Amino acid sequence: MMTRIRRFALPYLPVILAPIALLSPVLFGGKALFWGTPFLQFIPWRYWAWKTLLAGQNPLWNPLVGMGAPLAANYQSALFYPPNWLLIPFTAAGEGWFAWSQTLLVIAHWIWAGVGMVWLTRDLGLDDLAQTVSGLAFGLSGYLVARAGFFSINAAAAWLPWVLWAGTRATGAFGDAHGWTKRTLPLALCVGMLMLAGHAQTAWYTMLLLAAWTGFWGGVRGGGIRGVGRAWVSLVPGVLLGVML
């Protein structure tokens, strides 16, 4: 039991508590991330979408922009991204609560990004302290914190270490290939969530990084150019399934 507690205390506890502490003035002060794109874009889009859905209609159209514009088909609205569904109950509570609830998602994605980096560095063989530093360095990186108000970037970037982790396992680069299903489904889930998060550029950059990352380890562990090819081929089922999702 004590061993499990110590394992949670380092690396997970700092990675979880640090994002909460950073945004605690907003989270516990009755404030909201409400400037720039949250004010003009994300909060109005999502609030209108969930209000429309709760009224028994499909949120296909946004009448609040110009002469109107597609809403569900707007990629950055990310209405099909499951974590965003957690905000539906706050919609019924009113606009203020809905705006405040966006902070919960920002914090959750920072934590998710940090935990993903912990898992990735653990597979790389780093110790608990190194995992903690890596998780904090990525989860609270300057890029993610500066982009706190650009919700779709924040969500998509949080999946980067998870995609690398799942992709590495799919290639069996570290000897952790546990059967086709266990290697393919995690990658498919991570790629699918990355693409549903709502920011095409971040998703594209992440997939390019996945190719470079797995190609490198395939070449190092698999013996040159053939190892690179085998690594990339092993990604195909998971990536295709993720795109289908």
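The structure presented is a predicted model; accordingly, all values stated were derived computationally and were not measured.
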Worksheet entry | Atom of Thr202, atom of Ala157 and distance for their closest heavy-atom approach | CG2-N, 3.7 Å
Worksheet entry | Between CE on residue Met207 and CG on residue Leu160, distance to nearest 0.5 Å | 10.5 Å
Pairs of donor and acceptor atoms involving the side chains of residues 67-93, under 3.5 Å and at least two apart or interchain, shall be tabulated with distances.
residue, atom, partner, partner atom, Å
Asn74, OD1, Gln76, N, 3.1
Tyr75, OH, Met195, O, 2.4
Gln76, OE1, Gln41, NE2, 3.4
Gln76, OE1, Ser152, OG, 3.2
Ser77, OG, Leu71, O, 3.0
Ser77, OG, Asn74, O, 2.6
Tyr81, OH, His109, NE2, 2.8
Tyr81, OH, Trp159, NE1, 2.8
Asn84, ND2, Ala78, O, 2.9
Trp85, NE1, Leu79, O, 2.9
Thr91, OG1, Leu87, O, 3.3
Thr91, OG1, Ile88, O, 3.3

Worksheet entry | Co-membership, hydrophobic cluster, residues Trp61 and Trp45, 4.5 Å side-chain | no
Response to the item:
Residues Leu53 and Pro59: closest non-hydrogen pair is CD1-CD, 4.1 Å
Worksheet item: Out of curiosity, does Tyr205 fall in the hydrophobic cluster containing Tyr143 (side-chain heavy atoms, cut-off under 4.5 Å, transitive links)?
Response: no
Discussion item. Please report the interatomic distance CZ(Phe42) to CG(Leu40), rounded to the nearest 0.5 Å.
Written reply: 10.5 Å
Item to complete: Mind listing the closest non-hydrogen atom pair of Val106 and Leu33 along with its distance?
Response: CG2-CD1, 3.8 Å
Worksheet item: Please walk me through it: do Trp232 and Thr214 pass side-chain contact (heavy atoms from CB on, under 4.5 Å)?
Response: CA-CA 7 Å; Trp232 285 346; Thr214 54; 3.6 Å; yes
Worksheet, complete the sentence: In this structure, CG of Leu10 is separated from OG1 of Thr132 (nearest 0.5 Å) by 3.5 Å
Worksheet entry | With sequence neighbours excluded, residues passing ring-ring contact (aromatic ring centres under 6.0 Å, His included) with Phe34 | Phe39
Which pairs would a plain distance check flag for residues 234-245, meaning a side-chain donor or acceptor within less than 3.5 Å of a matching protein atom at least two apart in sequence or in another chain?
residue, atom, partner, partner atom, Å
Ser234, OG, Arg230, O, 3.4
Ser234, OG, Ala231, O, 2.6

Worksheet item: Which atom pair, heavy atoms only, marks the closest approach of Leu144 to Trp110?
Response: O-NE1, 3.5 Å
Discussion item. To the closest 0.5 Å, what do you measure between NE2 (His199) and CD1 (Ile153)?
Written reply: 3.5 Å
Response to the item:
Between Pro19 and Ile111, the two heavy atoms sitting closest are CG-CG1, 3.8 Å
Item to complete: Under the side-chain contact (heavy atoms from CB on, under 4.5 Å) rule, what do Trp217 and Leu164 come out as? Steps first, then yes or no, please.
Response: CA-CA 11 Å; Trp217 287 111; Leu164 297 183; over 6 Å; no
Discussion item. Could you report the tightest heavy-atom contact between Val65 and Asn62, atom names first, then the distance?
Written reply: CG2-ND2, 3.3 Å
Discussion item. Hydrophobic clustering (ILVMFWY, side-chain heavy atoms < 4.5 Å, transitive) - are Val233 and Leu185 grouped together?
Written reply: no
Worksheet item: Mind checking what makes ring-ring contact (aromatic ring centres under 6.0 Å, His included) contact with Trp97, not counting sequence neighbours?
Response: Trp100
For residues 23-32, run the donor-acceptor check on the side chains, cut-off 3.5 Å, and write out each pair with its distance to 0.1 Å, sequence neighbours left out.
residue, atom, partner, partner atom, Å
Ser24, OG, Ala21, O, 2.8

Fill in: Separation between CH2 of Trp204 and CG of Leu194, rounded to the nearest 0.5 Å
12.0 Å
Response to the item:
In this structure, CG of Leu120 is separated from CZ of Phe138 (nearest 0.5 Å) by 10.0 Å
Practice prompt. Indicate, with yes or no, if Val228 and Leu208 share a hydrophobic cluster defined by side-chain heavy-atom contacts under 4.5 Å among Ile, Leu, Val, Met, Phe, Trp and Tyr.
Written response: no
Fill in: Shared hydrophobic cluster for Tyr12 and Leu129 (ILVMFWY, side-chain gaps under 4.5 Å)
no
Worksheet item: Who pairs with Trp165 by ring-ring contact (aromatic ring centres under 6.0 Å, His included), at least two apart in sequence or on another chain?
Response: Trp119, Trp162
Worksheet item: Side-chain contact, heavy-atom cut-off 4.5 Å: Trp48 with Leu64?
Response: yes
